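Report on one structure; see the data block that follows.
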There are 2 protein chains.
Amino acid sequence: MAKYDDRLDRHFSALGDATRRSILARLARGRATVGELAAPHDMSLPSFLGHLRKLEEAGLITTAKDGRVRVCQLAPDAFAPAQDWLAEQREIWTGRLDRFDAYVATLKNERDP
Amino acid sequence: MAKYDDRLDRHFSALGDATRRSILARLARGRATVGELAAPHDMSLPSFLGHLRKLEEAGLITTAKDGRVRVCQLAPDAFAPAQDWLAEQREIWTGRLDRFDAYVATLKNERDP
DNA sequence: CGCATACTTAGCTACATGGCTAAGTATGAC
DNA sequence: GTCATACTTAGCCATGTAGCTAAGTATGCG
């Protein structure tokens, strides 16, 4: 269980930064090199590489060296862990609301038969 | 735009911690007091309160003082911002894959008319 | 009133994060 | 071989995060 927790920790933490979300949004439109990804960001390359490394450690992207450039792309099913966790919580929450609605309906029926 | 970014930053960052996700999972099953929420966590109360404060600042939960207890519950549509962002990215990514599939199909047709 | 309960605030420490510059390595072009 | 390009590594600094203890406030009970 701790293993899944760690994975989700890295996953959500990586998403908790606007620079990194912007990188992901760019990669959702197709693969790109480090240089292409870095260009729009007013930041030194080493700093930018730190963000890429976090995304890769979180399993959100994969990278591969091709000659002297590194090509980055979204990992397959990159967002699945986050989406699954969120969907699960909302299902539990929604289920609770449904039961509450049913309870309220019962009360109404008892009051106005 | 920076405003939405900040909101998502806090939102995803708050989710990037197993203790906080566990609090949310508990609250998805119904409201609870600070003491009830803290009980399963081997942690001092001040430390635990720090997590609750982060969740509240991220807009994921709401809390209200009732006598000497504080009651916590999930915010309405708590997970919507995160789910919306993730769904949006996946749509872009899926669209790209669809276009790529179409491109591959075109190539095949040209080769095998 | 007196006391227990349930937070709450203040203040501290250790470590992680995000940024930088400077210098190094590896590859492609000439 | 020489040189520019495209990262990459090393090392430093400021800030934020997560934990703690100790002490304070506010509410409910007898």
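All chains are named by letter (A, B, ...) in the order of the sequence lines, taking the proteins before the strands, and each is independently numbered beginning at 1. Quantities reported herein were computed from a predicted structural model and do not represent experimental measurements. Hydrogens, waters and symmetry mates play no part in the numbers below; they use all other heavy atoms, side chains included.
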Could you identify which residues of residues 57-71 of chain B place a heavy atom less than 4.0 Å from some atom of DNA chain C, listed by residue number, or say none? B:K65, B:R68, B:V69, B:R70
Between B:D9 and A:R21, is the closest basic N to carboxylate O distance under 4.0 Å? yes
Passing option when B:L60 is tested against B:I23, B:L27, B:L55 for side chain to side chain contact (heavy atoms under 4.5 Å, CB included): B:L55
Any B:D66 side-chain heavy atom under 4.5 Å of B:T33 side chain: no
Side chain to side chain donor-acceptor pair (under 3.5 Å) with B:T63: which residues, sequence neighbours excluded? B:E56, B:R70
Outermost nucleotides of DNA chain C that come under 4.0 Å of a non-hydrogen atom of chain A: C:dT17 to C:dG28
State which residues pass side chain to side chain contact (heavy atoms under 4.5 Å, CB included) with A:A39; sequence neighbours excluded, sorted by chain then number. none
If you take any heavy atom closer than 4.0 Å to DNA chain C, which residues from residues 34-53 of chain A end up in contact? A:M43, A:S44, A:P46, A:S47, A:H51
Kindly compute the distance separating CD1 (A:I61) from CG (A:L37), expressed to the nearest 0.5 Å. 7.5 Å
For B:Q73, which residues count as a side chain to side chain donor-acceptor pair (under 3.5 Å) partner, sequence neighbours excluded? B:R31
Not counting sequence neighbours, which residues clear side chain to side chain donor-acceptor pair (under 3.5 Å) with B:S44? List them please. B:S47
Sequence neighbours excluded, which residues qualify as side chain to side chain donor-acceptor pair (under 3.5 Å) partners of B:Q89? none
Any pair counted as side-chain hydrogen bond (donor to acceptor under 3.5 Å, both in side chains), so long as it reaches residues 75-84 of chain B, sequence neighbours left out: A:R90-B:Q83
Residue pairs fulfilling ring-ring contact (aromatic ring centres under 6.0 Å, His included) with at least one residue in residues 64-83 of chain B, sequence neighbours excluded: A:W85-B:F79
Side chain to side chain contact (heavy atoms under 4.5 Å, CB included) partners for A:S22, two or more places apart: A:H41
DNA chain C-proximal residues of residues 13-26 of chain B, any heavy atom under 4.0 Å: none
For B:K54 and D:dA18, is the shortest distance between a side-chain N/O and OP1 or OP2 below 4.0 Å? yes
